[in-house]
Amino acid sequence: MSDYNFAYLDEQTKRMIRRAILKGLAIPGYQVPFASREMPMPYGWGTGGVQVSAAVLTPEDTLKVIDQGADDTTNAVSIRRFFEKTAGVQVTEATTDASVIQTRHRIPEQDLRADQILVYQVPIPEPLRFLEPSEVETRKMHSLEEYGLMHVKLYEDISQHGDIATAYAYPVKVEGRYVMDPSPIPKFDNPKLEMAGIQLFGAGREQRIYAIPPYTQVVSLDFDDYPFQASKADHACDLCGAKDSYLDELIVDDQGGRVFMCSDTDYCSTRRAQGHVGAQGSPIQEDAA
Amino acid sequence: MTPLLQVENLAKFYGPRIGCTDVSLDLYPGEVMGIVGESGSGKSTLLNCLAGHLTPDRGAVRFDTRADGLRDTVTMSEPERRMLSRTDWAFVHQHARDGLRMNVSAGGNVGERLMAVNARHYGAIRDEAIDWLGRVEITEDRIDDRPTAFSGGMQQRLQIARNLVTGPRLVFMDEPTGGLDVSVQARLLDLLRSLVREMNLSAIIVTHDLAVVRLLADRLMVMKDGHVIETGLTDQVLDDPQHAYTQLLVSSVLQV
Amino acid sequence: MISIENVSKSFVLHNQGAANISVMQAASLQVAPGECVALTGASGAGKSTLMRMIYGNYLTETGRIMIGDVDVARAAPREIIQLRRRTLGYVSQFLRVVPRVSTLDVVAEPLLVTGTPQDKALRTAQDLLARLNIPERLWSLSPTTFSGGEQQRVNIARGFSYPYPALLLDEPTASLDPTNRATVLEMIKEAKARDAAIIGIFHDHAARDAICDRQVDMTQYTPGLAA
């Protein structure tokens, strides 16, 4: 035996988490309580996601970690390094090469396949929380399918902003039963929640795991006269020219000049490598990486 | 005629202490019943048992459901009971903040029950909310204000609109005019009376204010120490009280 | 229509040494449709008490009070409520209304609760108020602020808006000027003409003689007063 167990967590903990994951997959959208462990990072930095990833990783896996779509931010880099060190798995930035992808606040633009797992970091798993502070009451509401309150939030949006202003963490109903918080992904990503891959959600501080099995129906809540719209900036990526990807907006000078670019860095660089060029981009150089 | 609500031998204990006991009553459609008694007489305990907020230790509370006729709400499943409380029942709390969502606009408060029974058309929900705010004399331009910006009387009227929007058949009221100025009380009483008549509502009103029951209630039940000590037509009980306690209660009211 | 047999009434005052005060013994009275009977006797003879017992406002200990086929002495509260809605009207000396409700609505209410359409009920109420000389500018106000005579007339209008087959009138002409008094007597005659059975208390002897077919002296049923 080696000194430490594979992928940081001890086997008992992994079993416990895997049981929670299996239960979550069996009851799509239902929040399964689990005994969240202390992790060597602060709450809010993905402790839930890391525990779920650790429980599903095998030595043969290839891991990708993104934060807001980017592979190269602090959060993504530290979690990737953490698993390189504690699991010794292969890592990648290419969505198509990864078998497990841990994400914070985005779904990759590239469609996922049936052999891929997407692990979300979730800050607040309870979609009803901001309107109903009592956990006892929200659990009862879930069990009795009393979801009128969720629409009250959307109603308030329209009455105050003239439209549903909720732009991220947009509530969904899973397989016609549980209302679920998809984590703070932009609502642009909501349609992608119906996918071939397995989706697992881990909330470390709140000690909840939930899941969406492959090809599960996921419907974004809306009103008949204010239907759900997966919005994005009305622009194309300035680097790769993509018109179908979610964009970040960057202010680049003091004159209010701005650049729109893909939030999914792998998608953008892949397209540029294929020769696509945006309004302000230049063809990628072989040695630029 | 089938009673809307039929209570049989209801009892609720808090440990060895009596909450209320041996309570039986029939309430028919369109009837308003008052329950009076001093603090601790068990009137609120009784109301909460009837409305499904407390589980009685003994007895039956049968409600005439639209689908299956009389059903015991004590033994029915919680989802069924909660469905009743969203559709056929209404509960008006003494303190509006117990019955309202204070961080949600007036329109959202009224619309919640509609959305809870699957209304999914924003425009229709809003029209309904405007209509109901009007009925309780709150102007349309306040629809997007939160109840925190409303006066006590307005909050209470908003609570009533929020409760009645789904067309309930039975309204439970716990001291609905408590803590309001007399002029505000009068307006609320008038409103409640006309709503009761227009919607053919049945209501059970718990109060210690005999003037309120005289104006609102057809029938009266007097409680003391958890027991019902006298029942009858409201004006009969108030004008010809039989029990010593009721006589004391009636004679203790200050004449204006 | 109204048949009272052998009724008695006493009050037990629990908070005053459980004093038992017997106020009526074995009273009997029949009133046929279209008949008006006056209750007479000195103050304290039990005239108002009997009226209240008939209306179900006071409990009746023994005997029967039949209004049509309902025994008020034994009826359940909701039967009495029904009776008051459709059969038995009562014009008391005091107006008791919800503050803020308009005079027109006060008068129309007995019609509205029995299902008369709003416009028709309000028209009837307007006619009655006009007939009783309540100025039109007061119709939209609450009668709580009116003078005694005006309140009395509103009370009468309310009592006569629905055509009850049985009517109880407690001093209907007290505090009225001659014109209005004549109008009220006219209304009582009209009620008789449509076969209403009426029991009334009139201190106004001329009025009593003008409209009552019989008089019943309540003193004969009063313990301690009976000769």
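Labels below follow one simple rule: chain letters A, B, ... track the order of the sequence lines, proteins then strands, and each chain is numbered from 1. On a predicted model such as this, the values are computed, not experimentally measured, just so you know. Computation of the quantities below employed the complete heavy-atom set of this structure, encompassing side-chain atoms and omitting hydrogens, waters and symmetry-equivalent molecules.
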Can you measure from OG (A:Ser159) to CD1 (B:Ile125) and round to the nearest 0.5 angstrom?
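CD1 of B:Ile125 is found 11.5 Å from OG of A:Ser159.
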Taking C-beta and beyond as the side chain, do A:Tyr155 and B:Arg126 meet within less than 4.5 Å on heavy atoms?
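A:Tyr155 vs B:Arg126: side chains touch.
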Heavy-atom count around [X] [atom1] within 6.0 Å, excluding the residue itself: above 12?
X: B:Met83; atom1: CE; result: no
X: A:His235; atom1: NE2; result: yes
X: A:Arg113; atom1: CZ; result: yes
X: B:Glu198; atom1: CD; result: yes
X: A:Tyr168; atom1: OH; result: no
X: A:Arg177; atom1: CZ; result: yes
X: B:Asp141; atom1: CG; result: yes
X: A:Gln217; atom1: CD; result: yes

How close do [X] and [Y] get, counting heavy atoms only, and between which atoms?
X: A:Leu144; Y: B:Pro79; value: CD2-CG, 3.1 Å
X: B:Arg120; Y: A:Asp222; value: CD-O, 4.0 Å
X: B:Arg101; Y: A:Leu131; value: NH1-O, 3.5 Å
X: A:Tyr226; Y: B:Tyr122; value: CE1-CD2, 3.3 Å
X: A:Phe130; Y: B:Asn103; value: O-ND2, 4.0 Å

Would you please say whether a donor-acceptor pair under 3.5 Å links the side chains of A:Asp225 and B:His121?
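On atom types as modelled, these side chains qualify, holding a pair under 3.5 Å.
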Is a salt bridge present between A:Glu145 and B:Arg86, judged by a nitrogen-to-oxygen distance below 4.0 Å?
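Here A:Glu145 does not pair with B:Arg86 in a salt bridge, since their nearest N and O are not under 4.0 Å apart.
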Select one option (side chain, backbone, both, neither) describing which atoms of B:Leu114 are under 4.5 Å from chain A's heavy atoms.
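For B:Leu114, no heavy atom lies under 4.5 Å from chain A.
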Name the member of A:Glu132, A:Lys153, A:Gln160, A:Lys140 that forms the most heavy-atom pairs with chain B at distances under 4.5 Å.
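Looking at each option in turn, the highest pair count goes to A:Lys140.
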Is the side chain of A:Glu156 donor-acceptor paired with the backbone N or O of B:Ser105 at a distance under 3.5 Å, no angle test?
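Checked: pair present.
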Walk me through whether A:Glu137 and B:Arg82 qualify under salt bridge (charged side-chain N to carboxylate O under 4.0 Å, His left out).
CA-CA 12 Å; A:Glu137 189 59 25; B:Arg82 281 175 74 113; 2.9 Å; yes
